[in-house]
S.K.: 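Right, I'll just put the structure down here and ask away after.
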Amino acid sequence: MLQEAFFKSITQQYKSGLPFVAYRKPNNDDVKAILQDNTTVHYCKDFTEQGFVFAPFDNRQETILFPLDRSEQLNSSYTEFDRDQTEQYNEYVVDSGKEQHITLVEKGIAEITSGKLEKVVLSRAEKITNSNVDPIELFKTLLHTYRTAMVYIWFHPKVGLWLGASPETLLKVEGRRFQTMSLAGTQKFQGTMDVLWDDKNKLEQNVVTLYIKAVLEPFSSQISIGNLHTHKAGDLLHLRSEILGVLKDDLSKDLIASLHPTPAVCGLPTTLAKDFILSNEQYAREYYTGYFGELNFKTTRQRNTNRRNVENNAYTSIIAISDFYVNLRCMQLREQDAIIYVGGGITKDSIPKDEWLETVNKARTIKRVLL
């Protein structure tokens with residue numbers, strides 16, 4: 001599908017008040033869209049469905065599904081990646097909410113020091129009023145700016161309008177082979193990937209890695225952890241490890257419920273950290289730090305059981321692919337306002353003022369497409 005026709009179609013879907021999602025996966029030129037044919041809110045029941053899922057942070061709430069059998073699918077290519085990710089822009093720095101966030105972090109540290117929590121991820125929302133925001137143009141700007149992220153625009157008239165550029169995979173499953181990552185720790189990119197990481201960030205990343213491995217082991221027949229390395233997302237750096245393996249059975253609701261939310265967006269112990277967040281953040285995260293992506297999309301694979309006789313033994317199999325991303329570096333558009341969501345992992349070694357600055361840097365990463 002031609003690029004112009006693609007964006008015309010999703011613009012018309014939005015103006016018609018019908019649900020849709022458009023997205024481009026990391027380091028990819030293909031941009032896709034799913035256009036639902038009515039305004040019904042469909043929910044994912046047991047993860048045997050096919051469609052695009054959009055899940056909230058609070059896993060007690062339902063996951064929304066755009067079912068493929070009620071939607072039109074579009075594909076195009078988008079290769080205009082000419083924007084410098086380190087370009088300068090004018091920013092009006094807002095300190096509103098600073099003291100409140102520092103107080104929240106201090107309270108989180110006290111919970112950790114008392115032994116009730118090992119880690120907790122605390123966040124805040126920042127509102128920017130901009131009456132001239134065009135969501136489709138904003139989506140294009142995200143495509144320009146964040147080549148290595150999962151970029152998306154998601155809309156349902158009964159739920160809301162969200163956009164983002166997430167650097168983090170929750171889980172990808174092809175057949176029964178899976179891959180995920182542990183991503184934690186943050187520092188600002190200063191022109192080099194050769195950086196030093198302090199003990200606080202290393203500990204935070206290691207906690208996430210060990211937790212994800214422990215959660216996946218009961219569902220896996222094989223699992224391995226790759227080397228720890230520095231990963232660039234926009235103008236921020238993170239610590240990252242790849243986790244690969246093979247599932248004993250097909251993707252299930254129980255597996256997802258065990259994995260989400262991870263310590264990278266919640267904390268440890270997960271249930272207690274989530275309760276602390278819901279009781280103390282004083283705003284609703286909604287779909288921030290939830291997850292989204294393709295569920296049971298079918299694809300064909302060429303297989304061969306005898307390398308010496310490729311032509312005679314090759315055959316085609318159809319497998320299901322599910323590809324979920326954590327909803328980070330995102331915003332919600334409400335009338336004239338853009339709500340930006342940012343947070344950071346708190347440990348016993350956290351310094352409240354530094355944690356505030358981390359959220360400022362993270363807000364800058366997504367805010368720059370607005371200002």
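Side-chain atoms are counted along with the backbone in the values below, which use heavy atoms only and exclude waters and symmetry mates. As the structure is a computational prediction, the values presented were derived from the model and not from experiment.
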S.K.: Would you say NZ of K200 has more than 12 non-hydrogen atoms from neighbouring residues, nucleotides or ligands within 6.0 angstrom?
M.R.: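 Atom NZ in K200 is packed in, count exceeds 12.
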
S.K.: Does this structure show an ion pair linking K188 with E358, if we count only N-O contacts that are shorter than 4.0 Å?
M.R.: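 No, no charged N to carboxylate O under 4.0 Å.
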
S.K.: Would you please test L237 and H231 for side-chain contact (heavy atoms from CB on, under 4.5 Å) and show each step?
M.R.: CA-CA 6 Å; L237 299 178; H231 173 76; over 6 Å; no

S.K.: Considering only NZ, NE, NH1 and NH2 on the basic side and carboxylate oxygens on the acidic side, decide whether K274 and D58 come within less than 4.0 Å.
M.R.: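 Here K274 pairs with D58 in a salt bridge, since their nearest N and O are under 4.0 Å apart.
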
S.K.: Taking the inter-plane angle between the rings of Y341 and Y288 on a 0 to 90° scale, is it parallel (under 30°), tilted (30 to 60°) or perpendicular (over 60°)?
M.R.: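 Aromatic pair Y341/Y288 classed parallel.
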
S.K.: Taking the side chain from Q12 and the backbone from F7, do they hold a donor-acceptor pair closer than 3.5 Å?
M.R.: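 Flag not set: sc Q12 to bb F7 has no pair under 3.5 Å.
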
S.K.: Is K348 salt-bridged to E204, going by a charged N under 4.0 Å from an acidic O?
M.R.: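 Here K348 does not pair with E204 in a salt bridge, since their nearest N and O are not under 4.0 Å apart.
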
S.K.: If you apply the rule side-chain contact (heavy atoms from CB on, under 4.5 Å), what do you find for L35 with S71, and how did you get there?
M.R.: CA-CA 5 Å; L35 283 57; S71 305; 5.7 Å; no

S.K.: Determine, for F189 and K232, whether the Lys NZ or Arg CZ falls below 6.0 Å from the six-membered ring centre while staying within 45 degrees of the axis.
M.R.: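 Cation-pi check for K232 and F189: passes.
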
S.K.: Got a sec: does the NZ of K248 have more than 12 other heavy atoms crowding it under 6.0 Å?
M.R.: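 Counting neighbours around NZ of K248, more than 12 heavy atoms of other residues, nucleotides or ligands fall under 6.0 Å, so yes.
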
S.K.: Please say whether more than 12 non-hydrogen atoms of neighbouring residues, nucleotides or ligands are located less than 6.0 Å from NZ in K45.
M.R.: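 Count over threshold, so yes.
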
S.K.: Give a yes or no on whether N227 atom CG has more than 12 heavy-atom contacts from other residues, nucleotides or ligands under 6.0 Å away.
M.R.: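 Not more than 12 within 6.0 Å, no.
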
S.K.: Are there over 12 heavy-atom neighbours, none belonging to D199, within less than 6.0 Å of that residue's CG?
M.R.: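 Count not over threshold, so no.
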
S.K.: If the threshold is 4.0 Å, N to carboxylate O, is there a salt bridge linking E294 and K32?
M.R.: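 Result for this pair is yes, salt bridge flagged.
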
S.K.: Under 3.5 Å, side chain of H101 to main-chain N/O of G343, donor-acceptor pair present?
M.R.: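 It does not hold such a pair.
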
S.K.: Is the centre of the F324 ring less than 6.0 Å from the centre of the F292 ring?
M.R.: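 Centroid distance F324-F292: not below 6.0 Å, so no.
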
S.K.: Scan F20, Y23, Y287, F52 and name whichever one has a side-chain contact (heavy atoms from CB on, under 4.5 Å) with W154.
M.R.: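 So the option named by the test is F52.
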
S.K.: Would you mind telling me which of L333, V21, N327 makes a side-chain contact (heavy atoms from CB on, under 4.5 Å) with W162?
M.R.: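 For W162, the side-chain contact (heavy atoms from CB on, under 4.5 Å) check succeeds only for N327.
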
S.K.: Partners of Q222 by side chain to side chain contact (heavy atoms under 4.5 Å, CB included), sequence neighbours excluded?
M.R.: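 Here the qualifying residues are V246.
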
S.K.: Can you name the side chain to side chain contact (heavy atoms under 4.5 Å, CB included) partners of E137, sequence neighbours left out?
M.R.: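 E137 satisfies side chain to side chain contact (heavy atoms under 4.5 Å, CB included) with D134, K140 only.
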
S.K.: Determine yes or no for a side-chain-to-main-chain donor-acceptor pair under 3.5 angstrom, with H260 supplying the side chain and P56 the backbone.
M.R.: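 Yes; judged by distance alone, with no hydrogens or angles, the pair exists.
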
S.K.: For K298, does the NZ atom have more than 12 heavy-atom neighbours from other residues, nucleotides or ligands under 6.0 Å away?
M.R.: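 Counting neighbours around NZ of K298, more than 12 heavy atoms of other residues, nucleotides or ligands fall under 6.0 Å, so yes.
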
S.K.: Of all residues at least two apart in sequence or in a different chain, which pass the ring-ring contact (aromatic ring centres under 6.0 Å, His included) check with F178?
M.R.: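 Result, ring-ring contact (aromatic ring centres under 6.0 Å, His included) vs F178: none returned.
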
